[in-house]
Amino acid sequence: MTLLELEDVHTYYGEAHILQGVSLRVGEGEVVTLIGRNGAGKTTTLRSIMGIARPRRGRVRFLDEDITHLETHAIARRGIAYVPEERRVLPNLSVLENLKLGMLGGRVDGGGRRLEEVLDHFPKLRERIAHKGRFLSGGEQQMLAIARGMVAAPALMLVDEPTEGLAPLLVQTLTEVLAEINRRGTTVLLVEQTLEVALALSHRLYVMDQGRIQFEGSPEALGKDPSIQQRFLGV
Ligand SMILES: Nc1ncnc2c1ncn2[C@@H]1O[C@H](COP(=O)(O)OP(=O)(O)OP(=O)(O)O)[C@@H](O)[C@H]1O
Ligand SMILES: [Mg+2]
C-alpha cells in the first residue's frame, strides 16, 4: 500500500526554482532513501512534504488524502514525524522534557507506555533521562531527535541526514536503530549521503540532482551502477 506519494512537485525559494517536478512514492513498511549531492534538493523535498516549503505545483498525498495545502501541524497530526537536519534539541530542557514535547503534536494520549517502548531503542537516553539537552554529545542529540519523533507514534518518519558528523561507531549504532524501528513497523523516508548506510538500510532509493529525481531503484541496482554513482554521488 502506498503511504506517501509526491506527484510532479515544484517548489521555489523566492524566484529560485528548486524542486523541478519531483515524483516519488513510499510504501507502507519501507525504508526509502533520498540520496544526492549537497544542494540537490533533498531537504527541500522533506520540507515540501511537511508544508514548511510550499509546493507551487504538484501534489503530496498521504494515506489517500491530499495534504499539499494543509498546515504543518495538521500534517504532523496525520502521522508524519519530521527529524530535521539541525537536530533542534532544546538545550535547557531535560531528555524527558524534550521527549514529552514530541508527544504533543502526535496521535497518542497516555504516552507513558509509548515512551518506554521508544526508550527501549535508546538505552543511553534512558540513562541520561534527567540530563539537560545541552549536556548530550552530538550522537546522543541525534538519538534524542529521532526518539522525539518516534514518541508521537508516527506512521511515517522523515529523517534528514541522521549520521552527518557522527563517528563511525555511532553511525553503525544509528543504522541499527533505524533498521530496528523499521522492523517494528515504522515506515521511513530517509535522507542520507553515506552510500553504504543508504544501501544497507533501504528497500528502495531515489538519487536526486538539481531538483530532479535522476534514478530510482533497489540497493542492488544502485550498487551495480557505477555511472550513476559517479555522475550524481561523486563516488
Ligand atoms: N531558505 C532558502 N532560501 C533560498 N535558497 C535555499 C534555501 N534553502 C535551500 N536553498 C537552496 O536550495 C537548493 C536545495 O537545497 P536543499 O537544502 O534542499 O539541498 P540538500 O540536498 O538538502 O543539500 P545538503 O546535502 O547540503 O543538505 C540549494 O541550491 C540551496 O542553496
Ligand atoms: Mg539537506
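- Remark: the Thr72 side chain and the Tyr82 side chain contain no N/O donor-acceptor pair separated by less than 3.5 Å.
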Using side chain to side chain contact (heavy atoms under 4.5 Å, CB included), reason through Ile146 and Ile181 one step at a time and then give a plain yes or no. CA-CA 10 Å; Ile146 292 173; Ile181 287 168; 4.0 Å; yes
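- For the 3.5 Å distance criterion, the side chains of Thr43 and Asp160 qualify, holding a donor opposite an acceptor.
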Checking Glu65 against Leu70 for the side chain to side chain contact (heavy atoms under 4.5 Å, CB included) test, could you report, in this order, the C-alpha distance in whole Å, the side-chain angles of both residues, the deciding distance, and whether it holds? CA-CA 10 Å; Glu65 183 189 10; Leu70 293 183; 4.2 Å; yes
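- Closest approach of Thr68 to Pro55, counting heavy atoms only: CG2-CG, 4.1 Å.
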Taking it one step at a time, do Arg61 and Leu4 satisfy side chain to side chain contact (heavy atoms under 4.5 Å, CB included)? CA-CA 6 Å; Arg61 297 181 67 79; Leu4 177 79; over 6 Å; no
Using side chain to side chain contact (heavy atoms under 4.5 Å, CB included), reason through Arg128 and Phe122 one step at a time and then give a plain yes or no. CA-CA 10 Å; Arg128 313 203 71 186; Phe122 303 98; over 6 Å; no
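- Side chains of Thr194 and Glu196: no donor on one and acceptor on the other come within 3.5 Å.
- With hydrogens and angles left out, the side-chain atoms of Gln193 and Asn38 include a donor and acceptor closer than 3.5 Å.
- Scanning both residues, Ser23 and Ile213, for their nearest heavy atoms gives O-CG1, 3.8 Å.
- The two atoms that bring Glu71 and Arg54 nearest to each other are CA-NH2, 3.7 Å, heavy atoms only.
- One side chain, Ser48 or Thr11, offers a donor N or O that lies under 3.5 Å from an acceptor on the other.
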Apply the test salt bridge (Lys or Arg N to Asp or Glu O under 4.0 Å) to residues Arg59 and Asp8: give CA-CA distance (whole Å), side-chain angles for both, the deciding distance (0.1 Å), then the verdict. CA-CA 7 Å; Arg59 273 199 316 176; Asp8 194 31; over 6 Å; no
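- The minimum heavy-atom distance linking Phe135 with Glu140 is given by the pair O-OE1, 4.5 Å.
- For the residue pair Arg25 and Thr2, a side-chain donor N or O sits within less than 3.5 Å of a side-chain acceptor on the partner.
- When all heavy atoms are compared, the tightest approach of His121 to Val177 is O-CG2, 3.9 Å.
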So Lys224 and Glu220, salt bridge (Lys or Arg N to Asp or Glu O under 4.0 Å) or not? Walk me through it. CA-CA 6 Å; Lys224 278 196 295 220; Glu220 295 74 28; over 6 Å; no
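- Without hydrogens or angle criteria, Ser94 side chain to Ala130 main chain gives no donor-acceptor distance under 3.5 Å.
- Side chain of Arg114 to backbone of Met150: a donor-acceptor contact under 3.5 angstrom is found.
- One finds a salt bridge joining Glu116 and Arg126 here, because a Lys/Arg side-chain nitrogen approaches an Asp/Glu carboxylate oxygen to under 4.0 Å.
- The only option from Leu90, Leu93, Asn92, Val89 that meets the side-chain contact (heavy atoms from CB on, under 4.5 Å) definition with Arg134 turns out to be Asn92.
- One distance of note links CG of Leu233 with CD1 of Ile35; it measures 5.0 Å at 0.5 Å rounding.
- Geometric assessment of Arg78 against the ring of Phe62 yields a negative cation-pi assignment under the 6.0 Å and 45° thresholds.
- Ionic pairing of Glu180 and Arg184 is present here: one or more N-O contacts between side-chain nitrogen and carboxylate oxygen are shorter than 4.0 angstrom.
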